[in-house]
**Q** 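This is the structure, below, for whatever I ask next.
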Amino acid sequence: MAGALFDRVAIVGIGLIGSSLARVIRRDLPQTRIVACARRAETLAAVRRLGLADETTDDPAAAAEGADLVVLATPLSAYGPLARRIAPALKPGAIVTDVGSVKEAAIADIAPALPTNAHFVPGHPVAGTEHSGPEAGFAEMFADRWCILTPSPETDPAAVAKVRALWELARMRVVTMPAEHHDKVLAVTSHLPHLIAYTIVGTATELGEDLQSEVVAYSAGGFRDFTRIAASDPVMWRDIFLANSDAVLELLQRFSEDLTALQRAIRRGDGDTLHEWFTRTRAIRRSIIEAKQA
Ligand code: NAP
């Protein structure tokens with residue numbers, strides 16, 4: 001299947017995720033023509049310098065024209081306008097996919113804009129780093145990570161199979177699930193942890209100057225890991241919290257109840273509660289290591 005998977009792929013938004021996918025296609029589907037689209041001239045110049053595409057353009061419709069597969073890989077808030085831009089240019093039978101970190105909102109923005117003779121296969125490669133832009137990408141980023149596809153039951157199975165095959169080339173483990181379920185799971189595994197990191201690092205920057213310099217010096221005590229997460233792209237994460245607000249707010253409610261319980265245990269000197277809690281959480285870390293997701 002590999003050689004004939006796609007003749008022409010348009011990657012609209014060629015930053016960390018889009019450029020990593022372009023590298024996979026370059027590596028494993030060398031016959032496939034890649035058209036890259038971004039807004040800024042310097043992004044497109046970087047793409048050409050890195051040899052990641054056969055053509056570059058700042059016009060999403062021109063990129064989509066004649067493509068067998070269009071991959072939307074911009075921040076979530078651009079999906080709706082971009083879907084409307086590419087729709088008239090899509091050839092009959094074209095497959096459109098996305099890589100957005102929130103699926104219900106991505107589907108609500110993209111699906112209504114597309115013509116009925118195009119196939120939409122929403123996706124989320126659950127892999128990444130805190131870096132952005134085409135220079136930051138690398139093909140191996142996806143290896144052994146999960147890719148979640150959230151097609152509707154009516155989606156053409158052949159289109160789903162092709163998108164699955166692409167992510168499998170990237171050595172991802174591909175699963176399908178309903179979009180709503182995806183958004184709840186990712187609220188726990190990704191969105192809440194990012195919000196906590198943004199909070200902690202923000203709190204530290206409000207401390208007095210004497211403490212602030214020590215926070216940097218002694219950051220290896222745990223703070224450093226939060227700073228890495230809190231260095232993630234502000235536009236992308238703004239969009240994620242706005243797009244997945246229901247699931248995140250529901251989870252935050254439970255989180256703050258649990259936080260209050262721990263606060264009470266500390267105030268009462270209730271070591272048993274703390275010990276029992278931390279023992280339980282340690283087991284979760286072990287199960288992540290066993291699942292090779294550490
Ligand atoms: P990124 O590195 O910041 O790249 C975004 C790209 O989109 C850039 O090439 C940017 O081009 C382009 N872009 C932005 N707005 C555009 C517009 N209106 N029209 C055309 N191009 C536009 O972002 P990323 O980390 O790859 O994230 C992209 C998507 O992947 C997001 O939807 C995110 O939810 C999802 N995702 C991210 C991760 C992660 O860890 N980063 C993981 C999984 C999924 P310019 O340089 O010209 O602005």
Side-chain angles (χ1 to χ4, degrees), residues 10-24 34-50 52-53 56-64 70-86 89 96-110 113 122-143 145-150 167 170 172 174 179 182-183 185-187 189-191 193-194 197 228-244 248 293:
I11 302 180
V12 179
I14 183 136
L16 176 71
I17 302 292
S19 77
S20 297
L21 183 60
R23 286 170 168 95
V24 170
I34 302 176
V35 189
C37 173
R39 293 170 303 184
R40 291 182 302 142
E42 59 250 55
T43 305
L44 294 175
V47 169
R48 286 192 294 272
R49 197 171 57 247
L50 294 163
L52 296 177
T56 56
T57 175
D58 61 2
D59 178 357
V70 180
V71 184
L72 296 179
T74 64
L76 285 160
S77 56
Y79 282 177
L82 283 172
R84 290 190 284 280
R85 290 280 299 281
I86 64 165
V96 177
T97 189
D98 76 298
V99 299
S101 310
V102 180
K103 298 290 13 126
E104 276 200 304
I107 293 167
D109 287 349
I110 297 168
H124 178 201
V126 188
T129 71
E130 69 279 23
H131 303 297
S132 306
E135 282 97 349
F138 53 104
E140 293 70 29
M141 193 175 78
F142 302 117
R145 301 278 174 238
W146 291 97
C147 179
I148 303 172
L149 304 181
T150 63
W167 290 116
M172 300 201 86
V174 185
H182 165 279
D183 290 355
V185 172
L186 269 291
T189 57
S190 171
H191 307 168
H194 273 81
R228 186 184 58 74
I229 298 174
S232 301
D233 188 67
V235 173
M236 170 178 151
W237 281 95
R238 175 202 65 193
D239 288 0
I240 288 173
F241 290 116
L242 296 179
N244 202 22
V248 170
Q293 297 295 307

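We count ligands from 1, going down the list as the structure has it; atoms in each ligand are counted the same way.
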**Q** Tell me whether Ser19 contacts the main-chain N or O of Pro134 through its side chain, where contact means a donor paired with an acceptor under 3.5 Å.
**A**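 At least one qualifying donor-acceptor pair exists.
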**Q** Mark yes or no for whether Asp183, through its side chain, and Lys103, through its backbone, hold a donor-acceptor pair below 3.5 Å.
**A** yes
**Q** Who pairs with Arg228 by salt bridge (charged side-chain N to carboxylate O under 4.0 Å, His left out), at least two apart in sequence or on another chain?
**A**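 For Arg228, the residues satisfying salt bridge (charged side-chain N to carboxylate O under 4.0 Å, His left out) (neighbours in sequence not counted) are Glu130.
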**Q** Students often mix this up, so state it plainly: with edges at 30° and 60°, are the rings of His191 and Trp237 parallel, tilted or perpendicular?
**A** perpendicular
**Q** With sequence neighbours excluded, tell me which residues meet ring pair (Phe, Tyr, Trp, His ring centres under 6.0 Å) with Tyr79.
**A**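 For Tyr79 there are no ring pair (Phe, Tyr, Trp, His ring centres under 6.0 Å) partners, ignoring immediate neighbours.
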**Q** By the salt bridge (Lys or Arg N to Asp or Glu O under 4.0 Å) test, which pairs, at least two apart or in different chains, include something from residues 36-48?
**A** Arg40-Glu42
**Q** If you count only heavy atoms, which residues are under 4.0 Å from ligand 1?
**A**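 The answer is Gly13, Ile14, Gly15, Leu16, Ile17, Ala38, Arg39, Arg40, Thr43, Ala73, Thr74, Pro75, Leu76, Ala78, Tyr79, Leu82, Val99, Gly100, Ser101, His124, Pro125, Ala127, Gly128, Thr129, Ser132, Gly133, Met236, counting any residue whose heavy atom sits under 4.0 Å from ligand 1.
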